[in-house]
Amino acid sequence: MKKYYISKRSLLNGIFSVHREDCPFVPEPEKRIYLGKFNSGDDAVKVAKMICLKTDCCYFCLQACSQLTKKYSSDWNNPVTIKVVYSEN
């Protein structure tokens, strides 16, 4: 089982990315929310969608997800920041 995180800031297309702990693009601790330990990225995305509906697996973590729930679009929405208080300890 690996730890998964959701970025507190959306991509330019408005989608918040879910990252595995070993992802080279996982945000710094102050810029992410710990989701928990999961066997798959799909399970992590399901939990992340409880925080924010516009959530998907990180492009580079795709092998951890069997499929993307939505394809990344090329629209240029303003980035959004979310704040959730949750501790991984």
*What is the distance from atom SG of Cys58 to atom CZ of Arg20, rounded to the nearest 0.5 Å?*
8.5 Å

*Residues two or more places apart in sequence or in another chain: which of them pass side-chain hydrogen bond (donor to acceptor under 3.5 Å, both in side chains) with Lys37?*
none

*Could you pull out the closest heavy-atom pair between Gly14 and Lys54, with the gap in Å?*
O-CB, 3.6 Å

*asked:* Testing the basics here: between Lys8 and Glu30, what is the closest heavy-atom pair and its distance to 0.1 Å?
replied: NZ-O, 3.4 Å

*Atom CZ of Phe60 and atom OG of Ser17: how far apart are they, to the nearest 0.5 Å?*
10.0 Å

*Once you round to the nearest 0.5 Å, how far does CD1 of Ile15 lie from OG1 of Thr55?*
8.5 Å

_Rounded distance (nearest 0.5 Å) linking atom CZ of Phe38 with atom NZ of Lys3_ = 12.5 Å

*Work out which heavy atom in Leu35 is nearest to a heavy atom in Val18; give both atom names and the distance.*
CD1-CG1, 3.9 Å

*For Lys31, enumerate each residue passing the salt bridge (charged side-chain N to carboxylate O under 4.0 Å, His left out) test, keeping only those at least two apart in sequence or located in another chain.*
none

*Spacing of Tyr34 atom OH and Tyr4 atom OH [to the nearest 0.5 Å]*: 11.5 Å

*How many angstroms lie between CZ in Phe25 and OG in Ser7, if you round to the nearest 0.5 Å?*
13.0 Å

_Least distance between heavy atoms, Met1 atom then Glu21 atom_ = O-OE2, 4.4 Å

*For the pair Arg32 (side chain) and Pro27 (backbone), establish whether a donor and an acceptor sit closer than 3.5 Å, ignoring hydrogens and angles.*
yes

_Exercise: identify the closest heavy-atom pair between Phe16 and Cys52_ = CD1-SG, 3.1 Å

*Check Lys49 against Leu53 and note the closest heavy-atom contact, atom names and distance.*
NZ-O, 3.0 Å

